[in-house]
Amino acid sequence: MQGTKIGAVNTAIREVLPELKDTAGVDVELKVACLTFSTGCKWMYPIPINSENFQWTNVEADGKHDLGAACRELNKKLSKDGFLTLPPHSVAPVIVLMNDGKATDDFDSELKFLKQNKWFKYAIKVAVAIGDDANKNELAEFTGNIESVVTVLTPEALKKWIRKVELEDFDENW
(Lines give C-alpha, C1' and ligand atoms only; values in the text may rest on other atoms or scores of the structure.)
Protein backbone atom coordinates (compact mmCIF):
# COMPACT_ATOMS: atom_id res chain seq x y z
CA MET A 1 0.00 0.00 0.00
CA GLN A 2 1.52 3.27 -1.02
CA GLY A 3 0.61 6.92 -1.22
CA THR A 4 -3.06 7.74 -0.99
CA LYS A 5 -4.08 4.16 -0.11
CA ILE A 6 -2.03 3.95 3.08
CA GLY A 7 -2.91 7.55 3.83
CA ALA A 8 -6.59 6.60 3.59
CA VAL A 9 -6.05 3.73 6.03
CA ASN A 10 -4.20 5.96 8.50
CA THR A 11 -6.84 8.69 8.30
CA ALA A 12 -9.81 6.33 8.47
CA ILE A 13 -8.57 4.44 11.51
CA ARG A 14 -7.52 7.59 13.31
CA GLU A 15 -10.97 9.15 12.74
CA VAL A 16 -12.92 6.02 13.66
CA LEU A 17 -10.86 5.07 16.72
CA PRO A 18 -12.71 7.44 19.10
CA GLU A 19 -15.99 5.74 18.13
CA LEU A 20 -14.46 2.34 18.88
CA LYS A 21 -13.38 3.61 22.30
CA ASP A 22 -16.94 4.77 23.00
CA THR A 23 -18.33 1.25 22.43
CA ALA A 24 -16.28 -0.31 25.21
CA GLY A 25 -18.72 -0.91 28.05
CA VAL A 26 -18.71 -2.19 31.56
CA ASP A 27 -19.34 -5.79 30.45
CA VAL A 28 -16.80 -5.82 27.63
CA GLU A 29 -13.06 -5.29 27.70
CA LEU A 30 -12.18 -4.52 24.10
CA LYS A 31 -8.52 -4.84 23.12
CA VAL A 32 -6.87 -3.84 19.85
CA ALA A 33 -3.76 -5.17 18.11
CA CYS A 34 -2.36 -4.14 14.74
CA LEU A 35 0.08 -6.12 12.58
CA THR A 36 1.67 -4.47 9.55
CA PHE A 37 3.17 -6.55 6.74
CA SER A 38 5.29 -4.54 4.34
CA THR A 39 8.67 -6.21 3.76
CA GLY A 40 8.38 -8.28 6.90
CA CYS A 41 5.76 -7.86 9.59
CA LYS A 42 5.62 -5.96 12.84
CA TRP A 43 3.11 -5.43 15.65
CA MET A 44 2.26 -1.82 16.41
CA TYR A 45 2.38 -2.70 20.14
CA PRO A 46 3.91 -5.81 21.74
CA ILE A 47 0.57 -6.74 23.37
CA PRO A 48 -3.10 -5.94 22.65
CA ILE A 49 -4.07 -2.56 24.08
CA ASN A 50 -7.35 -1.63 25.75
CA SER A 51 -9.40 0.32 23.23
CA GLU A 52 -9.51 3.33 25.56
CA ASN A 53 -5.70 3.51 25.59
CA PHE A 54 -4.95 2.51 21.99
CA GLN A 55 -3.14 5.24 20.02
CA TRP A 56 -2.81 4.81 16.25
CA THR A 57 0.65 5.35 14.82
CA ASN A 58 0.75 6.13 11.10
CA VAL A 59 1.70 3.07 9.10
CA GLU A 60 4.20 3.29 6.27
CA ALA A 61 3.95 0.85 3.41
CA ASP A 62 6.56 0.85 0.72
CA GLY A 63 7.75 -2.66 0.21
CA LYS A 64 6.59 -6.17 -0.42
CA HIS A 65 3.24 -7.65 0.57
CA ASP A 66 4.51 -10.20 3.12
CA LEU A 67 1.09 -11.63 3.82
CA GLY A 68 2.52 -15.11 4.45
CA ALA A 69 4.82 -13.73 7.15
CA ALA A 70 1.80 -11.96 8.66
CA CYS A 71 -0.14 -15.26 8.74
CA ARG A 72 2.80 -16.96 10.48
CA GLU A 73 3.05 -14.17 13.08
CA LEU A 74 -0.71 -14.12 13.65
CA ASN A 75 -0.65 -17.89 14.15
CA LYS A 76 1.99 -17.48 16.88
CA LYS A 77 0.03 -14.78 18.68
CA LEU A 78 -3.36 -16.55 18.50
CA SER A 79 -2.42 -18.80 21.41
CA LYS A 80 -2.30 -18.84 25.20
CA ASP A 81 1.45 -18.27 24.90
CA GLY A 82 0.81 -15.24 22.69
CA PHE A 83 -1.92 -12.61 22.93
CA LEU A 84 -4.70 -14.79 24.24
CA THR A 85 -3.83 -15.00 27.91
CA LEU A 86 -7.34 -13.83 28.66
CA PRO A 87 -9.93 -14.93 31.22
CA PRO A 88 -11.86 -18.14 30.45
CA HIS A 89 -15.00 -16.26 29.36
CA SER A 90 -13.28 -14.50 26.48
CA VAL A 91 -14.79 -14.50 23.03
CA ALA A 92 -13.08 -15.29 19.75
CA PRO A 93 -11.20 -12.37 18.17
CA VAL A 94 -12.34 -10.22 15.27
CA ILE A 95 -9.67 -10.11 12.58
CA VAL A 96 -9.74 -7.44 9.87
CA LEU A 97 -7.27 -7.79 6.99
CA MET A 98 -6.65 -4.79 4.74
CA ASN A 99 -4.62 -5.19 1.57
CA ASP A 100 -4.21 -3.43 -1.76
CA GLY A 101 -2.15 -5.97 -3.69
CA LYS A 102 -1.02 -9.56 -3.95
CA ALA A 103 1.11 -11.54 -1.50
CA THR A 104 4.78 -11.61 -2.46
CA ASP A 105 5.82 -14.46 -0.15
CA ASP A 106 4.58 -17.97 0.68
CA PHE A 107 1.05 -16.97 1.64
CA ASP A 108 -0.60 -20.30 0.72
CA SER A 109 1.59 -22.44 3.00
CA GLU A 110 1.42 -20.04 5.93
CA LEU A 111 -2.36 -19.64 5.61
CA LYS A 112 -2.70 -23.43 5.62
CA PHE A 113 -1.00 -23.54 9.05
CA LEU A 114 -2.99 -20.56 10.32
CA LYS A 115 -6.26 -22.25 9.36
CA GLN A 116 -5.39 -25.07 11.78
CA ASN A 117 -5.33 -22.61 14.70
CA LYS A 118 -8.50 -23.00 16.80
CA TRP A 119 -8.74 -19.29 17.64
CA PHE A 120 -8.47 -18.44 13.94
CA LYS A 121 -11.15 -21.00 13.04
CA TYR A 122 -13.64 -19.36 15.41
CA ALA A 123 -12.61 -15.76 14.79
CA ILE A 124 -14.81 -13.35 12.90
CA LYS A 125 -12.77 -12.60 9.79
CA VAL A 126 -13.31 -9.73 7.38
CA ALA A 127 -11.07 -8.47 4.59
CA VAL A 128 -10.94 -5.08 2.92
CA ALA A 129 -9.66 -4.84 -0.64
CA ILE A 130 -8.26 -1.33 -0.97
CA GLY A 131 -8.63 -0.43 -4.63
CA ASP A 132 -8.98 -2.60 -7.70
CA ASP A 133 -5.45 -4.05 -7.51
CA ALA A 134 -6.12 -6.07 -4.35
CA ASN A 135 -6.17 -9.83 -4.84
CA LYS A 136 -9.72 -10.63 -3.75
CA ASN A 137 -9.13 -14.39 -4.14
CA GLU A 138 -6.37 -14.28 -1.49
CA LEU A 139 -8.58 -12.21 0.78
CA ALA A 140 -11.44 -14.69 0.34
CA GLU A 141 -9.05 -17.55 1.16
CA PHE A 142 -8.13 -15.72 4.36
CA THR A 143 -11.71 -15.05 5.48
CA GLY A 144 -13.14 -18.34 4.25
CA ASN A 145 -15.63 -16.83 1.79
CA ILE A 146 -15.94 -14.07 -0.77
CA GLU A 147 -18.91 -12.49 1.07
CA SER A 148 -16.49 -11.42 3.82
CA VAL A 149 -14.41 -9.38 1.36
CA VAL A 150 -15.36 -5.75 0.81
CA THR A 151 -13.80 -3.49 -1.82
CA VAL A 152 -13.32 0.20 -1.08
CA LEU A 153 -12.11 2.64 -3.69
CA THR A 154 -11.96 5.95 -1.81
CA PRO A 155 -10.82 7.14 1.63
CA GLU A 156 -14.41 8.19 2.38
CA ALA A 157 -15.73 4.72 1.53
CA LEU A 158 -13.13 3.14 3.82
CA LYS A 159 -14.12 5.37 6.75
CA LYS A 160 -17.81 4.68 6.14
CA TRP A 161 -17.21 0.92 5.97
CA ILE A 162 -15.13 0.85 9.19
CA ARG A 163 -17.80 2.83 11.04
CA LYS A 164 -20.56 0.57 9.72
CA VAL A 165 -18.82 -2.69 10.63
CA GLU A 166 -17.56 -1.48 13.99
CA LEU A 167 -20.93 -0.20 15.16
CA GLU A 168 -23.14 -2.94 13.67
CA ASP A 169 -20.93 -5.87 14.65
CA PHE A 170 -20.45 -4.57 18.16
CA ASP A 171 -24.18 -3.98 18.68
CA GLU A 172 -25.27 -7.30 17.13
CA ASN A 173 -22.56 -9.65 18.39
CA TRP A 174 -21.91 -8.39 21.88
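Numbers for residues simply follow the sequence, beginning at 1. On a predicted model such as this, the values are computed, not experimentally measured, just so you know.
Partners of Ser148 under the side-chain hydrogen bond (donor to acceptor under 3.5 Å, both in side chains) rule, at least two apart in sequence or in another chain, are Asn145. By the salt bridge (Lys or Arg N to Asp or Glu O under 4.0 Å) test, Asp108 is found to be paired with no residue, residues two or more places apart in sequence or in another chain being considered. For Lys112, the salt bridge (Lys or Arg N to Asp or Glu O under 4.0 Å) criterion is met by no residue, not counting sequence neighbours. In this view, Asp105 satisfies the side-chain hydrogen bond (donor to acceptor under 3.5 Å, both in side chains) rule with no residue, not counting sequence neighbours. Tyr45 pairs by the ring-ring contact (aromatic ring centres under 6.0 Å, His included) definition with Phe54, not counting sequence neighbours. Applying the side-chain hydrogen bond (donor to acceptor under 3.5 Å, both in side chains) criterion to Thr151, with sequence neighbours excluded, gives no partner residue. Listed by chain and number, the residues in a side-chain contact (heavy atoms from CB on, under 4.5 Å) with Thr104 are Lys64, His65, Asp66 (sequence neighbours excluded). Listed by chain and number, the residues in a ring-ring contact (aromatic ring centres under 6.0 Å, His included) with Phe37 amount to none (sequence neighbours excluded). For Val128, the side-chain contact (heavy atoms from CB on, under 4.5 Å) partners at least two apart in sequence or on another chain are Val96, Met98, Ile130, Val152, Leu158, Trp161. For the side-chain hydrogen bond (donor to acceptor under 3.5 Å, both in side chains) test, residues two or more places apart in sequence or in another chain that qualify with Lys76 are Glu73.
Nearest heavy atom pair, residue Ala69 against residue Cys41, reads O-SG, 3.5 Å. Residues Leu35 and Ala70 approach most closely at CD2-O, 3.5 Å, considering heavy atoms. Shortest non-hydrogen contact noted between Trp56 and Val59 is CZ2-CG2, 3.4 Å. Nearest heavy atom pair, residue Ala129 against residue Val149, reads CB-CG1, 4.5 Å. In terms of heavy-atom proximity, Gln55 sits nearest to Met44 at O-SD, 4.2 Å.
By the rule that hydrophobic residues join a cluster once side-chain heavy atoms approach within less than 4.5 Å of another member, Leu111 and Ile146 end up as members of one cluster.
Atoms CD1 and NZ, on Ile47 and Lys31 in that order, are 6.5 Å from each other to the nearest 0.5 Å. Rounded to the nearest 0.5 Å, atoms CG (Leu74) and CG (Leu78) are 4.0 Å apart.
Listed for the Asn50 side chain is no donor-acceptor partner under 3.5 Å among the backbone atoms of Glu52.
Among residue pairs with one or both ends in residues 128-143, those qualifying as side chain to side chain donor-acceptor pair (under 3.5 Å) are Lys115-Glu141; sequence neighbours excluded.
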Derivation of the side chain to side chain contact (heavy atoms under 4.5 Å, CB included) call for Arg14 and Asn58: CA-CA 9 Å; Arg14 181 168 282 107; Asn58 277 350; 2.8 Å; yes

CA sep, side-chain torsions, deciding dist, call: Phe107, Cys71, side chain to side chain contact (heavy atoms under 4.5 Å, CB included): CA-CA 7 Å; Phe107 168 70; Cys71 288; 3.8 Å; yes

Pair Leu67-Leu97, side chain to side chain contact (heavy atoms under 4.5 Å, CB included): steps then yes or no: CA-CA 10 Å; Leu67 189 51; Leu97 170 63; 3.8 Å; yes

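Remark: aromatic rings of Phe120 and Phe142 are close, center separation under 6.0 Å.
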